[in-house]
Each structure stands twice: as structure tokens, then as C-alpha cells.
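First up is the structure itself, then whatever we jot down about it.
Quick note: numbers below take in every heavy atom, side chains included, and nothing from hydrogens, waters or symmetry partners.
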Amino acid sequence: MHLDFILHDEEYQKIRALIERLRKDSNGRIVFLLDRNGQPVAYTGEMAEIDPTALASLAAGNVAATEGLAQLVGEQEFANLYHEGERDSLHLSVVGRRMILIVIFDERSSLGLVRLRVRKAAAELIPLLEEVERRGASEASQVQLEAAFAGITDADLDALFND
Amino acid sequence: MAFINYATREINCKIVYYGPGLGGKTTNIQHIYEKTSAAAKGKLISLATETDRTLFFDFLPLELGAIRGLRTRFHLYTVPGQVFYDASRRLILKGADGVVFVADSQESRLEANVESLQNMLEALKQHKIDIKTLPYALQLNKRDLPTSLPPEELRRHLLFDGEPVFEAVAVKGIGVFDTLKAVARLILMRLKGH
């Protein structure tokens with residue numbers, strides 16, 4: 001049975017603070033953290049014109065496809081991907097076992113700076129994400145989850161689909 | 001696996017539509033997109049070939065409302081049905097909270113259905129997902145075609161173990177929401193711990 005990924009407020013705020021620091025340090029426009037299944041976890045920066053759900057789904061697909069390519073040529077994965085545009089560029093980096101960190105940047109930054117700052121931020125992020133996993137897998141957290149859903153009735157579920 | 005964010009009071013689940021090529025997976029998602037209010041749906045993304053065959057996946061995020069104070073989001077994905085896209089299919093199935101198998105009811109597609117189902121079971125096994133505990137529904141699509149086999153015969157070949165089965169005509173929207181609702185319900189019930 002696979003475990004769900006449960007994020008509590010305390011760790012969420014720590015993650016937010018960390019990615020905001022990365023955005024400032026790297027002069028990036030946007031920093032975005034998602035899980036490898038394509039779920040957005042946290043983001044910061046100029047997101048007004050970007051659909052976060054679409055970004056997460058496509059980025060996860062991109063990383064998954066690239067990982068498939070890596071394995072074809074005998075690599076475990078390509079941990080960093082870079083897409084260069086005329087105005088904006090994207091740096092995607094696999095963090096730990098299940099997360100992807102994206103930095104979107106323009107001419108105010110550079111690939112070298114972004115890579116350097118991402119490496120530093122990832123080193124801090126990994127233990128934080130491990131803590132999230134430990135806490136999420138704990139019995140107390142599973143009990144809390146079940147309690148949150150315990151009262152769900154058929155009527156609640158029907159209501160979800162009636163609009 | 002579902003992603004529960006207590007900070008933003010959200011729950012995100014992934015539902016994958018699996019099945020043979022041209023069986024109606026994309027049509028299911030397109031119907032859901034068309035019939036869902038603008039506020040409840042995100043952008044529909046289709047990574048398709050020039051001839052509109054799914055190349056990598058279709059993706060539709062739905063936010064159906066709050067349940068016990070948690071905003072409930074379902075991310076719907078289709079896999080590419082054509083046999084040679086096996087590697088892509090496996091990637092998309094990863095992390096699925098629920099799966100819908102869209103079978104093509106036509107007699108000529110029976111073998112393709114059986115092969116695709118077998119392919120799905122292998123991919124699930126690879127991801128260490130147990131079909132017995134996975135929220136799963138079988139949809140028998142294209143029931144309106146004269147060449148379709150009787151539902152009993154399809155069940156005999158495709159039914160796994162007591163999963164809910166829906167007869168559908170996805171191009172007309174028949175059975176589409178019933179199928180989605182059943183899988184969504186099973187996912188939420190699993191979270192409830194039953």
C-alpha cells in the first residue's frame with residue numbers, strides 16, 4: 001500500500017520560505033516545487049499569468065520522459081534539465097526521491113547562478129522533505145487523515161458532482 | 001498517492017484513464033471538460049500527434065468543491081493507447097490514486113482490450129500498486145455500435161474482481177460522469193480508511 005503525501009502547515013511555511021529565498025538568491029522570476037506525479041506543492045514569484053496545475057503536470061511529464069530516456073542510455077536519471085527560451089528559461093531539477101524544483105528566470109539571472117543556488121537550496125530542501133515524509137507516515141498523521149474523512153457521507157460525494 | 005496539504009486545505013488525487021487505442025479515453029475527458037463549469041475546471045492539455053492521436057497524455061484538472069472543509073481536486077490523465085507507446089503509459093500510471101479502464105465494446109477490439117488490460121496489470125505491478133486495493137472501474141464504451149459485443153461477454157473477458165462496471169457512449173456523454181464519480185468515490189473512501 002502506498003502512502004499518501006501529507007503536508008502540514010508548519011513544513012509548508014518552511015518550504016515556502018526556502019523557495020522564496022532561492023528566488024531572491026537566484027534572481028529568478030518564479031520558483032516552483034512539485035512532486036514527480038505532477039502535483040504542485042508550493043510556488044513563489046510572478047505566477048499571475050501561469051497556470052500552476054498545468055505547469056506542474058507538464059513539468060512532471062517532461063522529467064518522467066527524460067528519465068525514461070536516461071535509462072535507455074544506461075543512466076539512472078538526468079537530474080537537471082534546462083530549457084532555453086528567447087526571453088525566459090526553465091531549469092528543472094530532481095530533488096530527493098519525489099520532488100522537482102523549477103526555477104524560471106530571464107536576463108536578470110544566468111544559468112550558472114541558478115544552478116549554483118538550486119544546488120544549495122536542494123541540500124536544505126532534502127532533509128525538510130524527509131521530515132515531511134516521516135511525519136506524514138506517522139500513525140498520528142494517518143489517524144488525523146482518517147478523522148478528516150471519517151464523516152464523509154454519500155450525500156457529500158453526490159454534492160461534489162452537482163453544480 | 002493523494003497529496004493532502006493541510007496548510008492550503010487541499011486534497012489532490014490522480015485518476016488515470018487506461019485502455020486500447022481509439023477506445024474513447026480522450027473522448028471521456030473532453031466530455032467532462034465540456035460539461036464542467038468554468039470555475040471547476042482548469043486548462044485541458046492534450047499532447048497529441050498531428051492526426052489527433054494521444055502522443056503522451058491528456059490532462060484535465062477538476063476542482064469539484066470542498067468536502068469537510070478540504071478543497072477536493074482530481075487530476076485526470078489519459079494514457080496513449082497505441083501499443084508502441086508502452087514506456088509513456090507506464091510513466092503516466094505512476095502515482096495514480098484511481099484508474100478507469102475504457103474498453104472498446106466492438107467485437108473486433110476484444111483482443112486489443114484484453115492485451116491492454118494485461119499491459120495495465122503489468123505496469124501496476126511494476127509500480128507496486130495492488131489492483132485489489134486500487135480504486136478502479138471498468139467502462140464498456142461504444143455501446144451504441146451495432147458491432148458491440150453483449151456486456152456479459154465483455155465482462156467475462158475483462159472483469160477483474162467485482163469492480164464497478166459502466167456501460168457508456170462517451171461521444172454522447174452517456175456513462176462518462178457515472179464512471180468518474182464511481183472512481184472518485186472509491187478514492188475518497190480509501191482515504192477514509194475503509
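Once rounded to the nearest 0.5 Å, the distance linking CG of A:Leu58 with CD1 of B:Ile45 reads 4.0 Å. From B:Glu63, atom CD reaches atom OG1 of A:Thr53 across 8.5 Å, with rounding to the nearest 0.5 Å. Taking NZ from B:Lys94 and CZ from A:Arg98, the interatomic distance works out to 9.5 Å, rounded to the nearest 0.5 Å. Note: B:Asp97 CG to A:Gln39 CD = 7.5 Å, rounded to the nearest 0.5 Å. Rounding to the nearest 0.5 angstrom, the gap separating the OH atom in B:Tyr77 from the CG atom in A:Asn37 is 8.0 Å. Note that OG1 of B:Thr8 and CG of A:Leu7 are 7.5 Å apart. Values are rounded to the nearest 0.5 Å.
Residues B:Phe3 and A:Pro40 have side chains not in contact (no heavy-atom distance under 4.5 Å, counting atoms from C-beta outward). A heavy-atom distance below 4.5 Å is not found between the side chains of A:Phe5 and B:Ile4. Between B:Tyr6 and A:Ile6, the closest side-chain pair of non-hydrogen atoms falls below 4.5 Å.
Residues A:Val31 and A:Leu128 fall within the same hydrophobic cluster, defined by Ile, Leu, Val, Met, Phe, Trp and Tyr side chains chained together at heavy-atom separations under 4.5 Å. B:Met189 is connected to B:Ile15 through a chain of hydrophobic side-chain contacts under 4.5 Å among Ile, Leu, Val, Met, Phe, Trp and Tyr, so both are in one cluster. When the side chains of ILVMFWY residues are joined at heavy-atom separations under 4.5 Å, either directly or via intervening members, A:Val94 and A:Val41 end up in two distinct hydrophobic clusters. B:Val171 and B:Leu60 end up in different hydrophobic clusters when Ile, Leu, Val, Met, Phe, Trp and Tyr side chains are linked at under 4.5 Å. By the criterion of side-chain heavy atoms lying less than 4.5 angstrom apart, applied directly or through intervening Ile, Leu, Val, Met, Phe, Trp or Tyr residues, A:Met99 is grouped together with A:Val118 in one hydrophobic cluster.
For B:Leu47, the part lying near chain A is the side chain, with the backbone staying farther off; criterion is any non-hydrogen pair under 4.5 Å. When heavy atoms are compared at a cutoff of 4.5 Å, B:Leu70 approaches chain A solely by way of its side chain, counted from C-beta outward. With a threshold of 4.5 angstrom between heavy atoms, B:Asn5 approaches chain A through its backbone and through its side chain. Only the side chain of B:Phe59 comes within less than 4.5 Å of a heavy atom in chain A; its backbone stays farther off. Using a 4.5 Å cut-off between heavy atoms, B:Ile11 touches chain A through its side chain atoms alone.
When B:Arg90, B:Lys14, B:His75 are compared by the number of non-hydrogen pairs under 4.5 Å with chain A, B:His75 comes out ahead.
The number of heavy-atom neighbours closer than 6.0 Å to OH of A:Tyr43, taken from other residues, nucleotides and ligands shown, is 12 or below. The 12-atom threshold is exceeded at CD of A:Glu124, counting heavy atoms of other residues, nucleotides or ligands nearer than 6.0 Å. A 6.0 Å sphere centred on CD of B:Glu111 holds no more than 12 heavy atoms belonging to other residues, nucleotides or ligands. Around the CZ atom of B:Arg53, the shell of radius 6.0 Å holds more than 12 heavy atoms that belong to other residues, nucleotides or ligands. The number of heavy-atom neighbours closer than 6.0 Å to CZ of A:Arg29, taken from other residues, nucleotides and ligands shown, is above 12.
Across every non-hydrogen atom of B:Phe57 and A:Ser57, the tightest pair is CE1-OG, 3.6 Å.
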